[in-house]
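All remarks here apply to the structure that follows.
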Amino acid sequence: MIGVLALQGDVREHLAALTACGDVRAVPVRRPCELDAVDAMVLPGGESTTMSRLLTVFDLLDPLRARIAADMPVYGSCAGMILLAREVLDGRPDQQQLGGLDVVVRRNAFGRQVDSFETDLAVDGVAGDPMRAIFIRAPWVEKAGDDVRILAAVPDHTVTGADTGAAAGRPVAVRQGAVLATAFHPELTGDLRVHALFCELVRAATA
Ligand code: GLN
């Protein structure tokens, strides 16, 4: 059973993608008792500063931190990646981190909303053609610890509103143990391969 943090963001899209993977149950999580009932969590795209505030309001911050510290599998897309990072650059000073990923991310790294873009991305562990990756006011990984595997980086040919030279080569998909994160939104494309990869991680962790 996989929970999707349902405080804000594209919750429905993640629930639909997980359900389409088959073989797992996907449920929204808003309360500590709902968190207790799941084997793994997905943190959706949205606005990390808002989610951070609501995690406190809904008494989920500490329980979620504790589950992640106890090796519960987690997948975060975009704002979810930001929440999982050890440290955030260009965040709000009061923004809370869940931890789990030994990375420093830069929030809104590619620029403003108008600098959102799509590109084809080869993702390590995702077989077949490169996937269509949608970046919406996305972060990138600025620094990663030794235990973090880089699964995908911004291709050189990507044209964004941001300084392309600065964007090229930046990690945008990472994995550390059972923690997976992408700066982009596979839940928006109908390509289930990242969610399927996460379901595999969850199956391995719960076996
Ligand atoms: N910029 C957002 C944040 O800071 C993330 C955007 C997204 O999830 N699409 O949380």
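Keep in mind that what you see is a predicted model, and the values were worked out from it rather than measured. Numbering of ligands and ligand atoms starts at 1, following listing order.
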Item to complete: Please could you name the atoms of ligand 1 that I82 approaches to less than 4.0 Å, counting only its heavy atoms?
Response: 3 (C), 4 (O), 10 (O)
Worksheet item: Salt bridge between E87 and R106, side-chain N to carboxylate O under 4.0 Å?
Response: no
Response to the item:
To atom 5 (C) of ligand 1, the nearest of A183, P44, G46 on a heavy-atom basis is G46
Item to complete: Just jot down the ligand 1 atoms closer than 4.0 angstrom to any heavy atom of G45, in number order.
Response: 8 (O)
Worksheet item: Can an N or O of R137 be found at a distance shorter than 3.5 Å from an N or O of ligand 1?
Response: yes
Worksheet item: Does the R193 side chain pair with the main chain of A127, one donor and one acceptor, at a distance under 3.5 Å?
Response: yes
Worksheet item: Would a line drawn from the ring center of Y75 to the ring center of H195 be shorter than 6.0 Å?
Response: yes
Worksheet item: Has ligand 1 got any nitrogen or oxygen that is less than 3.5 angstrom from a nitrogen or oxygen of H185?
Response: yes
Discussion item. Please say yes or no: joined through hydrophobic side-chain contacts below 4.5 Å, possibly via intermediate residues, are M51 and M72 part of one cluster?
Written reply: yes
Worksheet item: Where is the tightest heavy-atom contact between M41 and V4, given as atom of each residue plus distance?
Response: CE-C, 4.1 Å
Worksheet item: Out of curiosity, is M51 lining ligand 1, as in a heavy atom under 4.0 Å away?
Response: no
Fill in: Short side-chain to backbone donor-acceptor contact, S48 and A79, under 3.5 Å
no
Fill in: Residue, atom name and distance, where the atom is the protein heavy atom closest to atom 10 (O) of ligand 1
S48 N, 2.5 Å
Worksheet item: Which is it for Q95 and R53 under the side-chain hydrogen bond (donor to acceptor under 3.5 Å, both in side chains) test, yes or no, and what are the steps along the way?
Response: CA-CA 7 Å; Q95 182 159 5; R53 197 163 39 77; over 6 Å; no
Fill in: Distance from atom 7 (C) of ligand 1 to nearest protein heavy atom, with residue and atom
C78 SG, 2.8 Å
Worksheet entry | Top protein contact for atom 4 (O) of ligand 1, by heavy-atom distance | R107 NE, 2.5 Å
Discussion item. Students should be able to answer this: which protein heavy-atom is nearest to atom 1 (N) of ligand 1, and at what distance?
Written reply: N108 OD1, 2.6 Å
